[in-house]
Every structure is written in structure tokens, then in C-alpha cells.
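Presented below is the structure to which this report refers.
Note that this is a predicted model, so its numbers are computed, not measured. Every chain is numbered from 1, with letters handed out A, B, ... down the list of sequences.
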Amino acid sequence: MTTKPARTRLAPSPTGRFHLANARNALYSYLLARQTGGQFILRIEDTDQKRFVPGAEEVIVRSLDWLGISPSESPFHGGPYGPYRQTERREIYLQRAQLLVKGGHAYPCFCTSERLNEMRKEQEARKVDRVRYDGTCRVLDPDDSARRIAGGEKYIIRFKMPYEGTTTAHDHLRGDIIIENKYLDDYVLLKSDGLPTYHLAAIVDDHEMQITHVLRSAEWLPTFPLHVQIVRAFGWDEPVWVHPSIMLKPSGKGKMSKRDTAAAMKDGHSIFIDDLNELGYIPEGVLNWIAFMGWGVAEDDVMTLDQMVERFSIDSLTPSPAAINFQKLDHFNGTHIRLLTIEDLAARIKPYLTGAGLEVPHETLLKVTPLIRERLVTLDDSLAFATFFFK
RNA sequence: GCCCCCAUCGUCUAGUGGACUAGGACGCAGCCCUUUCAAGGCUACGACCGGGGUUCGAAUCCCCGUGGGGGCACCA
């Protein structure tokens, strides 16, 4: 392939667990980078301090390592475009936001949340199509605003969305997405705590870190035109935007909820990577499973990571939502377990056996492994089939 | 409510106007192999959401419905 090296990124927020959708975006990003001889980087989007979960960052990195798709640049690995944690980049965002204000693309807003709430209520009562900021501060005199800021008044910075016209954003999988600007809003770019919102931070960082392909969840589609507007306001080049489909619960009715994840766990399944590890799934199986939720391959869909690197293409990603299928996870896992050498499989089984308090001599284990490998769906199953041979 | 996205077997998908009797995989059913259970092999069942166009010809292009999903925060 003669493609230029791609720089891709995974940009999770450390606010929860590392799940399937994160892993899939990571996988596709990793595949594209490796295939083109580029870099896959990890950036932590921790600008929401209220929702920050301690330890979440570590789980993300551990999950990526376990899957075998580690980033080459991250808060933990370092790299030439750091820092890779957004709270450590606040000066950059402030500076860029001020640049937009100077250019007339953004403005400071002094409205209190109380006033905003009232405004919203009033608009809802009027049953407007689109509740949005009424523009009070949009027309303020810049010098007055500067004085108020200098005087210590609390403020935020909003993007100045055109009231008229349309915005066309190009998604690699769906083509042009056209929206009338009146359905967009004067989105907040910089919060009163001085930290940016996603809209500003992601756009600035993707540019600063020279990301060539942005792969992110389709949940971003509604604000996609806004992001394109911001890129254009800065006068920057756009990356290639790819929004893989969202993942639906097994029934196909909506996204996974707390209840759905609990139900899955009862059956020995999970959408969380660290759970999958503990349940005895192997990275090869999990990777294969997530790869094909949204990636259309004609035949031969059992693949190793290296084979995926060879065959991957963002052109063959599908735009429609995919329902999670745990039976397929079991199938891929069992298949990949059988692809392992006896030595490799034995080594992976061992902790499960010793963890159950069994004494496991290596010689015996090597003899037993071929006997049970045909019936393993997970490594954990070895306990049920092999306990008999040990004491 | 408004906006956006999507639409092929139960599920994941191949298919980019004729090679489609619509292919593969999971699951399901049966058979073979096998002392049993698996694994493996074979076979069966099983889909182009509906209606209009365009065209000699439409799963494939366009429009309208319908259905499903997502989004409407100083969250990402």
C-alpha cells in the first residue's frame, strides 16, 4: 500500500469502565496506524473534573496492553506531542479560545446558570423546535467584555454559530452530512473553571497532535458539523472523519444499560475488557470478536491481529448499528484457543488451576492440555475439565 | 417535539446496475466421525422493510413512507 502514514488516536475520558466500543475504536485506529506505518496514540480527555474516576486511566492502558494494541504515545509512554492528558494542556486551550474570540468566531458569555435555566424553561414553554442560547452576550462590546473579565467576573467562551445557512461535514462512511445552522447552537468552548469542553479540546488536540484520521463513535454525529465549523474557524485542515456505528444490546433495542451488563455478567459475558480477561477470554478471541462488529469481511473471518493489519480498510467499515452477539464471542474465543500451541495454552491455563488451589506440575499440565483443549470456550473452563487430573 | 444517522437470513455481514438460483460466519436442526461430551466434516432451514420512479435491466441509483437507532448540558 502506498498510503501515507496515518496518525490515529483513542481519546477516552477517565469517567467509567473501558468497554467494547472503546476497544473497537482503539482496534481500528491501531490497525490503520500500523498498516500505514504511522502512530496510534492515547489521549486522556479528563476535562470533566466532576466525573473523574481515579484509576480509570490505568484500566484503559492495561486493557489496551492486554489486547495487544498498545499506543506508542500516551501519558504513560510519553511522546513528542505531549502532554497527553488534557488537564495538563489548559493554557493551550485558553490561548486557542482567545484566538477564536479575536477572529470573531467566539465570544465571552457572562450569563449565569440560573439565567440559562430560565431561558431554557421559557423556550420549552413556547415549544420551540430547538432550545438554544438566546445570544445575549453575543452582541456585547468586546472592550466592555475585556474590562469585565479583567475585573474578575466569571465567564465562559461560546462559539459564534452562524444563524443562517447550512454546514456540510464529510464522514468517510456516510458522505456529506448537511445540517441547517439554526439547529446548532452557540456551544460552550471554555468552561468557567478554565477547562475546555470536548468540542474545543478534541479539535485543538487533534490538530496539535497532527491526527490524520479521527475514528470516534457515531454518537458524535449530531455535533459533527459543529466540530467542522471549529476547524474551519481556526483555518486548519480537516482530518479524515470516520464514525463507526454504535453498538446495540443483544436484542438490538438500544444501547447497553446497567441492567443489560448485569444480565450479561450472569451468563459469563461482559462488555468490559477487564471482565473479559478475568472470565477467561483470550485477547485473540476478543479482538476477533470486536473487529467484526461493524467491519464487513466477505469470508474467512477468523483472523489474528497481524492478519487484520494486513486486511483492514476504513472503506469496509459499515455505517449501520450492530447488535452485540455473545455467542459469537464464545465461538471466536474457542477457535483462537485451539489455534494456540500446547505450550502457550498450558501456560495460560495454569493460573486458573493454581488459582483454585491445585498443585500443577508442568509435565502433567502439558499432557492434560491437549486432552481438554477441544472443549474449552474460555480458559476458565479448564477448571471444570482438568481439575480431575490434579490435586 | 425537533435534528441527524441507519435499513440484506434471528444476529454480524458480502454485494457498489446484468456474473444473484442473493454468498460467508454465528446460532439452530440433522447426518458422519466418536465409548460419552466436545472439536472437526457434510447437509438443511433461513433475508433484499413497503410504495413509487429512473433503466432494456435494480438488493444495488432517486423520491416518499414505515421501522430502528442516536443526539438535543459550563458531560464526553
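- Distance check: Leu10(A) CG to Leu27(A) CG gives 11.0 Å after rounding to the nearest 0.5 Å.
- Closest to the side chain of Asp48(A), out of rA7(B), rC75(B), rG71(B), is rC75(B).
- Residue Ile246(A) places its side chain closer to rG69(B) than to any other of rA25(B), rU11(B), rG69(B).
- Residue Arg375(A) has no polar side-chain atom (N or O) positioned under 4.0 Å from OP1 or OP2 of rU34(B).
- Within 4.0 Å of Arg373(A), counting heavy atoms only, lies no atom of the nucleic acid at all.
- Closest contact between the side chain of Thr197(A) and the listed nucleotides rA76(B), rC6(B), rG70(B) involves rA76(B).
- Nearest nucleotide to the Ile156(A) side chain, out of rC72(B), rC74(B), rA76(B): rC74(B).
- The base-pairing partner of rG1(B), taking Watson-Crick or G-U wobble contacts with both distances under 3.5 Å, is rC72(B).
- Look at rA25(B): its Watson-Crick or wobble partner, with both distances under 3.5 angstrom, is rU11(B).
- Listed pair Thr318(A) / rU13(B) meets the phosphate criterion, a side-chain N or O lying under 4.0 Å from OP1 or OP2.
- Of the nucleotides present, none pairs with rU34(B) by Watson-Crick or G-U wobble criteria with both distances under 3.5 Å.
- The listed nucleotides are rG71(B), rG27(B), rC6(B); the one nearest the side chain of Pro319(A) is rC6(B).
- Checked for salt-bridge contact, Glu73(A) and Arg9(A) miss the test: no charged N lies under 4.0 Å from a carboxylate O.
- Partner assigned to rG65(B) is rC49(B), using Watson-Crick or G-U wobble distances below 3.5 angstrom.
- Interatomic distance, CE of Met293(A) versus CG of Leu248(A), reported as 9.0 Å (0.5 Å rounding).
- Distances from the side chain of His331(A) to the nucleotides rC26(B), rC4(B), rC74(B) place rC26(B) closest.
- One finds a side-chain N or O of Lys191(A) lying less than 4.0 angstrom from the OP1 or OP2 phosphate oxygen of rC75(B).
- Residue side chain Ser192(A) reaches the base of rC74(B) through a donor-acceptor N/O pair under 3.5 Å, judged by distance alone.
- The partner of rG18(B) is rC56(B), by the rule that a Watson-Crick or G-U pair needs both atom distances under 3.5 Å.
- In this structure, Lys328(A) reaches the bases: a heavy-atom distance under 4.0 Å links it to at least one base atom across the strands shown.
- Using a 4.0 Å cut-off between charged side-chain N and carboxylate O, Asp381(A) and Arg375(A) make no salt bridge.
- When heavy atoms are screened at a 4.0 angstrom cut-off, Arg130(A) is found touching the sugar-phosphate backbone but no base atom.
- Closest non-hydrogen pair, Leu365(A) versus Phe390(A), comes out as CA-CZ, 4.0 Å.
- Picking from rC75(B), rA39(B), rC12(B) the nucleotide with the shortest atom distance to the side chain of Ala323(A) gives rC12(B).
- Residue contacts shown for Tyr198(A) include a base, since a base heavy atom lies under 4.0 Å away.
- For Lys253(A), taking side-chain heavy atoms from C-beta onward, the closest of the listed nucleotides rG68(B), rG1(B), rC74(B) is rG68(B).
- Relative to the side chain of Asn325(A), the nucleotides rC12(B), rG70(B), rU11(B) differ in distance, and rU11(B) lies closest.
- Thr47(A) comes within 4.0 angstrom of the backbone, heavy atoms only, and of no base.
- Among the protein residues, Arg132(A) comes within range of no part of the nucleic acid, since none of its heavy atoms lies under 4.0 Å from any strand.
- Taking every side-chain heavy atom of Arg174(A) into account, rC6(B) is the closest of rA38(B), rC6(B), rA76(B).
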